[in-house]
Amino acid sequence: MAETIAVIDFETTGMSPSQGARGTEIAAVLLRGGEVVGQYQSLMRSDVMVPPFIERLTGISNAMLRKAPPAEEVMREVSEFTRGCAMVAHNASFDRGFWLAEQARAACAPDPAHRFACTVLLSRRLLPDAPNHRLGTLASWLAIDKQGRAHRALADALTTAHLLRHLQQTVAERYAAELAGHTVSHALLAELQIATKTALARCVARHAQRLAANTDAT
DNA sequence: TGCCAGGCCCTCTTTAGGGCCTT
């Protein structure tokens with residue numbers, strides 16, 4: 001069966017857990033074989049106030065969060081929802097930081113499958129002609145249908161999922177010869193996101209050779 | 001008073017600095 005990738009997005013009270021910021025909403029979209037096969041979204045309540053700027057940006061208010069389920073309960077649910085999935089986020093260092101911090105608060109057992117790939121890093125390498133690599137700009141530039149209000153978790157996660165699908169298709173078409181029939185897996189994306197731009201084709205070819213060698217060995 | 005993140009990329013670089021991207 002094709003691997004399942006979980007595309008996640010956090011809305012938060014600030015830029016970094018190290019500064020005391022907390023998640024206010026999380027969404028996870030499951031992609032399998034390029035199709036959306038599941039989605040999860042929930043507001044999450046913590047004891048941290050939403051600053052006015054963030055409330056205007058996301059539309060998530062302190063009043064909304066007072067009625068939301070506790071962050072710990074939400075993290076346990078979304079951890080179970082994404083169990084066994086490789087992860088993707090737009091600017092993954094940001095979401096990964098909140099993911100780890102909120103998981104730790106909720107005493108969720110770390111899932112070794114939860115390795116992150118980043119659509120910012122990938123789009124910088126694969127879409128160098130884009131005006132910039134903000135999620136909204138890339139969505140407009142690639143004519144990705146609007147998925148709802150930007151800066152809400154599910155809308156941004158769905159947009160990122162469509163962007164990821166476009167990036168996978170780009171790799172599949174541009175490096176069809178190097179791929180030699182192999183699919184564009186999360187593992188390959190993780191290698192491409194840290195490859196130099198001039199080494200992308202060689203990176204794909206090496207990856208395909210390793211897969212072929214492993215297949216031969218089994 | 002002004003500043004406060006962090007990981008990555010690019011270049012006028014690597015003994016550094018500035019910009020991008022996320023809320």
Side-chain angles (χ1 to χ4, degrees), chain A residues 5-29 41-65 68 71 74-75 78 82 86-105 114-142 144 147-164 166-167 186 189-200 203:
Chain A
I5 295 175
V7 180
I8 72 158
D9 186 76
F10 269 101
E11 305 305 318
T12 72
T13 62
M15 296 307 296
S16 173
S18 66
Q19 292 179 298
R22 295 291 306 274
T24 57
E25 186 177 49
I26 187 169
V29 172
Q41 179 187 33
S42 180
L43 293 169
M44 48 199 289
R45 188 180 79 243
S46 68
D47 55 359
V48 174
M49 297 291 285
V50 180
F53 164 72
I54 301 292
E55 184 170 335
R56 284 193 298 274
L57 179 72
T58 65
I60 297 171
S61 67
N62 289 296
M64 290 165 66
L65 294 181
V74 172
M75 287 308 298
V78 73
T82 58
M87 309 286 267
V88 166
H90 197 65
N91 198 22
S93 64
F94 175 86
D95 291 281
R96 181 175 177 274
F98 279 94
W99 178 267
L100 295 176
E102 294 291 352
Q103 271 211 317
R105 283 177 176 273
H114 284 164
R115 297 177 304 276
F116 275 78
C118 175
T119 48
V120 172
L121 298 181
L122 287 164
S123 67
R124 282 177 179 160
R125 284 165 174 78
L126 296 167
L127 309 173
D129 296 331
N132 60 55
H133 300 278
R134 294 174 202 153
L135 184 59
T137 303
L138 290 170
S140 299
W141 193 63
L142 296 171
I144 293 171
Q147 303 296 317
R149 176 185 170 141
H151 297 296
R152 287 300 297 263
L154 183 59
D156 283 1
L158 283 167
T159 301
T160 303
H162 287 288
L163 170 60
L164 174 64
H166 180 93
L167 292 167
H186 184 278
L189 295 173
E191 290 182 43
L192 289 176
Q193 72 177 358
I194 55 172
T196 60
K197 286 176 184 172
T198 55
L200 292 174
C203 181

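The chains referred to below are lettered A, B, ... by the order of the sequence lines, with proteins before strands, and numbering in each begins at 1. Remember, predicted model here, so these are calculated numbers, not experimental data.
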Over how many whole Å does the gap from [X] atom [atom1] to [N] atom [atom2] extend?
X        : N      : atom1 : atom2 : result
A/Phe116 : B/dC8  : CZ    : P     : 14 Å
A/His133 : B/dC8  : NE2   : C1'   : 12 Å
A/Leu100 : B/dG7  : CG    : P     : 11 Å
A/Phe53  : B/dT23 : CZ    : P     : 10 Å
A/Arg96  : B/dT22 : CZ    : P     : 19 Å
A/Leu57  : B/dT22 : CG    : P     : 10 Å
A/Gln193 : B/dC8  : CD    : P     : 9 Å
A/Leu126 : B/dC8  : CG    : P     : 17 Å

Which class fits the ring pair A/Phe98 and A/Phe10: parallel under 30°, tilted 30 to 60°, perpendicular over 60°?
->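 A/Phe98 and A/Phe10: tilted rings.
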If you take all heavy atoms of A/Ile54 and A/Thr12, which pair is closest and at what distance?
->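 In this case the closest contact between A/Ile54 and A/Thr12 is CG2-O, 3.2 Å.
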With DNA chain B as reference, determine whether A/Gly136 or A/Ile194 sits nearer its 5' end, using the nearest nucleotide of each.
->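 Comparing both residues, the 5'-ward one is A/Ile194.
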Considering heavy-atom distances to DNA chain B, does A/Leu121 or A/Glu11 have its closest nucleotide positioned more toward the 5' end?
->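 By nearest-heavy-atom nucleotide position, the 5'-most residue is A/Leu121.
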For A/His90 and B/dT22, is the shortest distance between a side-chain N/O and OP1 or OP2 below 4.0 Å?
->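 True: A/His90 side-chain N/O within range (under 4.0 Å) of B/dT22 OP1/OP2.
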Below 4.0 Å: OP1/OP2 of B/dC4 and any side-chain N or O of A/Ser16 =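 For A/Ser16, the contact criterion (side-chain N or O under 4.0 Å from OP1 or OP2 of B/dC4) is not met.
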Between B/dG6, B/dT23, B/dC20, which one does the side chain of A/Ser18 approach most closely?
->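 Looking only at heavy atoms from C-beta outward on A/Ser18, the closest nucleotide is B/dG6.
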Measure from the side-chain heavy atoms of A/Ser93 and tell me the nearest of B/dA5, B/dG7, B/dC21.
->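 Given the options B/dA5, B/dG7, B/dC21, the side chain of A/Ser93 is closest to B/dG7.
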Which is true for [X] with a 4.0 Å heavy-atom rule: it touches a base, it touches only sugar-phosphate, or it touches nothing?
X        : answer
A/Leu135 : sugar-phosphate
A/Thr58  : sugar-phosphate
A/Ile54  : base
A/Asp95  : nothing
A/Phe10  : sugar-phosphate

State whether the side chain of A/Asn62 and the backbone N or O of A/Met49 hold a donor-acceptor pair below 3.5 Å, judged by distance alone.
->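 Judged by distance alone, no pair lies under 3.5 Å.
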Would you check if the side chain of A/Thr160 reaches a backbone N or O of A/Ala89 as a donor-acceptor pair within less than 3.5 Å?
->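 No, A/Thr160 side chain to A/Ala89 backbone: no donor-acceptor pair under 3.5 Å.
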Using the [atom1] atoms only, state how far [M] lies from [N], rounded to an integer number of Å.
N      : M      : atom1 : value
B/dG18 : B/dC4  : P     : 12 Å
B/dC3  : B/dC8  : C1'   : 23 Å
B/dT1  : B/dG17 : C1'   : 24 Å
B/dC12 : B/dG19 : C1'   : 15 Å
B/dG2  : B/dC21 : P     : 28 Å

Full working for side-chain contact (heavy atoms from CB on, under 4.5 Å) between A/Ile26 and A/Glu102 = CA-CA 11 Å; A/Ile26 187 169; A/Glu102 294 291 352; over 6 Å; no
Knowing that exactly one of A/Leu163, A/Val7, A/Ile8 qualifies, which makes a side-chain contact (heavy atoms from CB on, under 4.5 Å) with A/His90?
->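 Only match with A/His90 under side-chain contact (heavy atoms from CB on, under 4.5 Å): A/Leu163.
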